[in-house]
There are 2 protein chains.
Amino acid sequence: MSATIKDVAKRAKVSISTVSLVINNNPRISESTRQRVLKAIRELNYYPRRAARGLVSHKTGNIGFILTEDHFSRHEPFYTRIFLGTEFEARELEYYILLTTVHPDFKPTSRLPRFILERNVDGVIFAGKVPDSLIQLIEARGIPVVFVDYHPPRGNYPAVLIDNISGGMLATQHLIDCGRRRIGFLGGDFDHPSIYDRYQGYRQALERNHIPFEDNRVVTDEPYPDRISGYQAMEKLLAKAPDVDAIFACNDAMALGALQYLKEKHRNVPEEISIIGFDDVEADLTVDPRLSTIRVNKEELGIQAIRLMIEILNSDKKLPRKILVPVELIERESTCSITENR
Amino acid sequence: MSATIKDVAKRAKVSISTVSLVINNNPRISESTRQRVLKAIRELNYYPRRAARGLVSHKTGNIGFILTEDHFSRHEPFYTRIFLGTEFEARELEYYILLTTVHPDFKPTSRLPRFILERNVDGVIFAGKVPDSLIQLIEARGIPVVFVDYHPPRGNYPAVLIDNISGGMLATQHLIDCGRRRIGFLGGDFDHPSIYDRYQGYRQALERNHIPFEDNRVVTDEPYPDRISGYQAMEKLLAKAPDVDAIFACNDAMALGALQYLKEKHRNVPEEISIIGFDDVEADLTVDPRLSTIRVNKEELGIQAIRLMIEILNSDKKLPRKILVPVELIERESTCSITENR
DNA sequence: CCAGTATAGTAAAACGTTTTACCAATAATA
DNA sequence: TATTATTGGTAAAACGTTTTACTATACTGG
């Protein structure tokens, strides 16, 4: 087999400990022996084995990435991109990512992810909404955690979040800049902080522009913000407030559903009713008109999550810092100025 | 800290070895002591540490996934889906995937991926075309390898491949079934076995239908099969063979480029010229007309690769088996029967 | 010149498993 | 009954590092 630390020690005529100290850049070793050891390492093509290191140092060099099964399949491109962001940044910073999904109704008696049981990760990143019982179980084991695109209502954790409030304001302000005044909001599941924050951004933008908020221009009783509920919410909204001239949907899925409804009813988008979504998913480009939206840099969410995690691992303090990742307005064809055709 | 094998041994009043044997389902242990040990394990919530196991057993429970940087970025959705397929299946089979990218011009002196140096994987899956020097270096270390969507020209390795020949025949036969007879082929980089095989499928379908092959209906001098080269290849083809009534492009990217050219020249697709691609990528749905294509199940490629790898790891024989993943014809709007409007 | 203090290096324990060789007790065989 | 197998279990070595406590040597200041 290949060289071990023992072989290096023998060749450099030093003790094993000395080699170890050199590897770990301990200043206790003089320059001359350091060079001698490094030479032996080079000549033998030595590289320390992860398993041996991990056994005694209790560091694995791995970071766990956990999300629920339905998040992975339902929001596939979104969380995939966050995951790829973590992968990318982890590689830079000499870590590896271990991915796993959990069932959304994780019970306190459910079996933990294998990498937790095996103590094969130094920390865990939770992506999206995850069961509270799972969080508690992992925390109880003293494993550092970082949240991305979610923060549990209870407690105070390090988290990387989309700047949803600014995004909501940005979207709404864009519609206002288009001359729209009767702006509706389509949302689902207010329990989800992201959606609630986007709604807050909507409210704040209205207020800032001295546009009175009208309760009947808001539909938020859909349980899950997907395409179908966007379709239904649009129908409800139009029944309550037939005069809306713009829609801010809490995400692109709902926006696309709403758009579909409007097209079926032969309402002119964007002239008669402009519509803007949130997230910037691939499908936005496949529809006609292409959907204006608020772009979320998903990879950046992952990158920031890794950086935050590694900072925590290196400082081993609790630092429940929140990082807000900025968003960007993407103007496409589903929004336009009201003056253009009056 | 949490329980170790020692604690279990003490509580069950057996030796450490016995506990280990129970964990590893060794039949040497009697049912009664086995139960006693299992009880202790349950009571102490014991789970063996990966690092300690790995140190002595020389198994890591990890599988490396290597592809070149440009494959990851250029063909992003394609290889991402293969990767997700491996992730998914690995989880089922109690492995983890460690992902890394390498530079496309990996030199024999380049630094190997860290998980190789650290001996942190039991085997390596190569996705797409990878540098030969890298393959050789990894093989030289005795690490089992599996290829997916590529097989190096030299040697004989286990590989999971798209059934490109059948796919090429399927695509061409579909055009023939549409009544087309003057069918062009657009390809790039013939060095790539996939593309070459698709071309062979094209040839075979023509032959089977007794349609003479015409050299000037083929353009294959584009270096890289992307959208731009599809555009250019289409231009060249039309110059050489203005009478083509159908196009089989070696992949969707080229097909989309060709489609763009035809639209700019106001050629009627699909009536005048039908066009079919290969891969079935997301963008196929965003174009008008939506692209007919040969669907490749990317996740399935990854799943099969993992299964093959684990079979190899468990049998530790060399088994250079090839697995062909079948493809499927997807009829959309870019192909139609020639009789429809004659 | 001597006690005290850096400096540079080492020996040995520890990390938590698997595995190998061995042993005792029991069963099977001649 | 004596020998040989078989069964069920154990002791101890090994895996390849890090880390802690210790030592020898050289230096420093009084």
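Computed over heavy atoms, backbone and side chain alike; hydrogens, waters and symmetry mates excluded. So you know, we letter chains A, B, ... as the sequences are listed, proteins then strands, and number each from 1. Everything numeric in this text was worked out from a predicted model, so none of it was measured.
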Answer yes when [X] and [Y] have at least one side-chain N-carboxylate O distance shorter than 4.0 Å, and no when they do not.
{"X": "Arg321(B)", "Y": "Glu311(B)", "answer": "yes"}
{"X": "Glu43(B)", "Y": "Lys39(B)", "answer": "yes"}
{"X": "Glu89(B)", "Y": "Arg307(B)", "answer": "yes"}

Q.
Using modelled atom types and a 3.5 Å cut-off, is there a donor and acceptor pairing between side-chain atoms of Asn120(B) and backbone atoms of Arg50(A)?
A.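 Side chain of Asn120(B) to backbone of Arg50(A): no pair is present.
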Q) Side chains of Ser2(B) and Arg141(A): do they bring a donor and an acceptor to under 3.5 Å? A) no
Q: For Glu139(A) and Tyr157(A), test the side chains for any donor-to-acceptor distance below 3.5 angstrom and give the result as yes or no.
A: yes
In whole angstrom, give the distance that lies between atom [atom1] of [X] and atom [atom2] of [N].
{"X": "Arg53(A)", "N": "dG16(C)", "atom1": "CZ", "atom2": "P", "result": "18 Å"}
{"X": "Arg49(B)", "N": "dT17(C)", "atom1": "CZ", "atom2": "P", "result": "5 Å"}
{"X": "Ile5(B)", "N": "dC15(C)", "atom1": "CD1", "atom2": "P", "result": "14 Å"}
{"X": "Asn120(B)", "N": "dG16(D)", "atom1": "CG", "atom2": "P", "result": "15 Å"}
{"X": "Leu55(A)", "N": "dG16(D)", "atom1": "CG", "atom2": "C1'", "result": "9 Å"}
{"X": "Lys10(B)", "N": "dA11(D)", "atom1": "NZ", "atom2": "P", "result": "13 Å"}
{"X": "Arg50(B)", "N": "dT17(D)", "atom1": "CZ", "atom2": "P", "result": "19 Å"}
{"X": "Ile16(B)", "N": "dT20(C)", "atom1": "CD1", "atom2": "C1'", "result": "15 Å"}

Q. Using the benzene-type ring in the case of Trp, are the ring centres of Phe126(B) and Phe147(B) under 6.0 Å apart?
A. yes
Q: For DNA chain D, find the residues of residues 18-42 of chain A with a heavy-atom distance under 4.0 Å and give them by number; none if there aren't any.
A: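 Those residues whose heavy atoms fall under 4.0 Å from DNA chain D, taken from residues 18-42 of chain A in numerical order, are Ser20(A), Asn24(A), Arg28(A).
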Q) Counting only side-chain N and O atoms of Tyr47(B), is one of them less than 4.0 Å from OP1 or OP2 of dT17(C)? A) no
Q: Report yes if a side-chain nitrogen or oxygen of Ser17(B) is closer than 4.0 Å to either non-bridging phosphate oxygen (OP1 or OP2) of dT10(D); otherwise report no.
A: no
Q | Which nucleotide in dG16(C), dT18(C), dC15(D) has an atom nearest any side-chain atom of Ala52(B) | A | dG16(C)
